[in-house]
Amino acid sequence: MDRFSKKLLKELEQMQQQSGRILRSMSIARMIPAEGRGWQPAVDIYETENEYLLYAELAGTDSDSLQVVVEGQSIRIGGVRQLSGHPSIGCIHQLEIELGPFQRTLVLPGAIELDEVHSTYSNGVLQVILPKRGKKPKRTISIQSGE
């Protein structure tokens with residue numbers, strides 16, 4: 001492969017990486033600002049046989065500011081992300097990290113056992129484990145005569 005082709009492939013690969021980052025940050029929920037709620041973190045929800053697993057990307061957020069509230073079939077994650085300031089900054093060349101308060105409310109795909117929900121926060125990722133509510137066995141209802 002000649003030098004020009006190699007350079008072109010490298011440029012295309014860089015464009016692909018940058019456009020992927022742009023597209024990931026442009027989900028509809030994140031494009032429409034929620035008044036008074038600040039920015040919205042990226043969230044993934046997975047389902048296993050017995051539970052739902054929620055992961056929220058919250059790098060730079062102090063765990064003391066995090067709040068997780070589960071009610072019915074919805075979960076609300078909130079907090080504040082503050083990065084340490086540098087008072088001598090005179091010019092900003094690139095600004096991509098969203099700061100300040102955030103809140104995100106999501107509807108879960110099914111009912112959960114509220115008393116068994118637990119979470120961990122490590123390496124900037126909040127993990128919430130939401131055990132599914134056990135299904136009650138099928139029950140046959142006997143019909144009595146109204147006579």
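Everything numeric in this text was worked out from a predicted model, so none of it was measured.
Residues Gln103 and Gln40 approach most closely at O-CG, 3.5 Å, considering heavy atoms. Scanning both residues, Gln73 and Pro109, for their nearest heavy atoms gives NE2-C, 3.7 Å.
Enclosure of atom CD in Gln67 is not indicated, since only 12 or fewer non-hydrogen atoms of other residues, nucleotides or ligands lie within 6.0 angstrom. The environment of CD1 in Ile97 is sparse: at most 12 heavy-atom neighbours from other residues, nucleotides or ligands sit within 6.0 Å.
With hydrogens and angles disregarded, a donor-acceptor distance shorter than 3.5 Å links the side chain of Arg81 to the backbone of Glu98. Checking side-chain atoms of Arg133 against main-chain N and O of Ala111 turns up no donor-acceptor pair under 3.5 Å.
Distance CG/Leu8 to CZ/Arg3: 13.5 Å, rounded to 0.5 Å. In this structure, CG on Leu130 lies 9.0 Å from CG on Leu114, to the nearest 0.5 angstrom. Thr120 contributes atom OG1, which lies 7.0 Å from atom CG of Leu126 (distance to the nearest 0.5 angstrom). Once rounded to the nearest 0.5 Å, the distance linking CD of Glu11 with CE of Met15 reads 8.5 Å.
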task = Test Leu54 against Tyr46 for side chain to side chain contact (heavy atoms under 4.5 Å, CB included), laying out the working first.
result = CA-CA 6 Å; Leu54 180 143; Tyr46 301 94; over 6 Å; no

inquiry  = Using the rule given for side chain to side chain contact (heavy atoms under 4.5 Å, CB included), can you reason through Phe102 versus Val80, listing the C-alpha separation, both sets of side-chain angles and the distance that settles it, and then say yes or no?
reply    = CA-CA 6 Å; Phe102 62 87; Val80 179; 5.6 Å; no

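Checked for salt-bridge contact, Lys132 and Glu47 meet the test: a charged N lies under 4.0 Å from a carboxylate O.
A heavy-atom distance below 4.5 Å is found between the side chains of Tyr121 and Leu66. Annotation: side chain of Ile77 is not in contact with side chain of Thr105 (no heavy-atom distance under 4.5 Å). Proximity of Ile75 to Leu108: side-chain heavy atoms (C-beta onward) are separated by under 4.5 Å at one or more points.
Checking each of Val128, Leu58, Leu106 against Val43 for a side chain to side chain contact (heavy atoms under 4.5 Å, CB included) leaves exactly one that passes, namely Leu106.
Cation-pi geometry between Arg104 and Trp39 is not satisfied (NZ or CZ under 6.0 Å from the ring centre, within 45° of the ring normal).
Side-chain contact annotation: Asp62 with Ser65, donor-acceptor N/O pair under 3.5 Å absent.
Connection of Val68 to Tyr55 is not established within any shared hydrophobic cluster, with ILVMFWY side chains joined at heavy-atom distances below 4.5 Å, either directly or through further cluster members. Hydrophobic clustering, with ILVMFWY side chains joined whenever heavy atoms are under 4.5 angstrom apart, keeps Ile129 apart from Val117.
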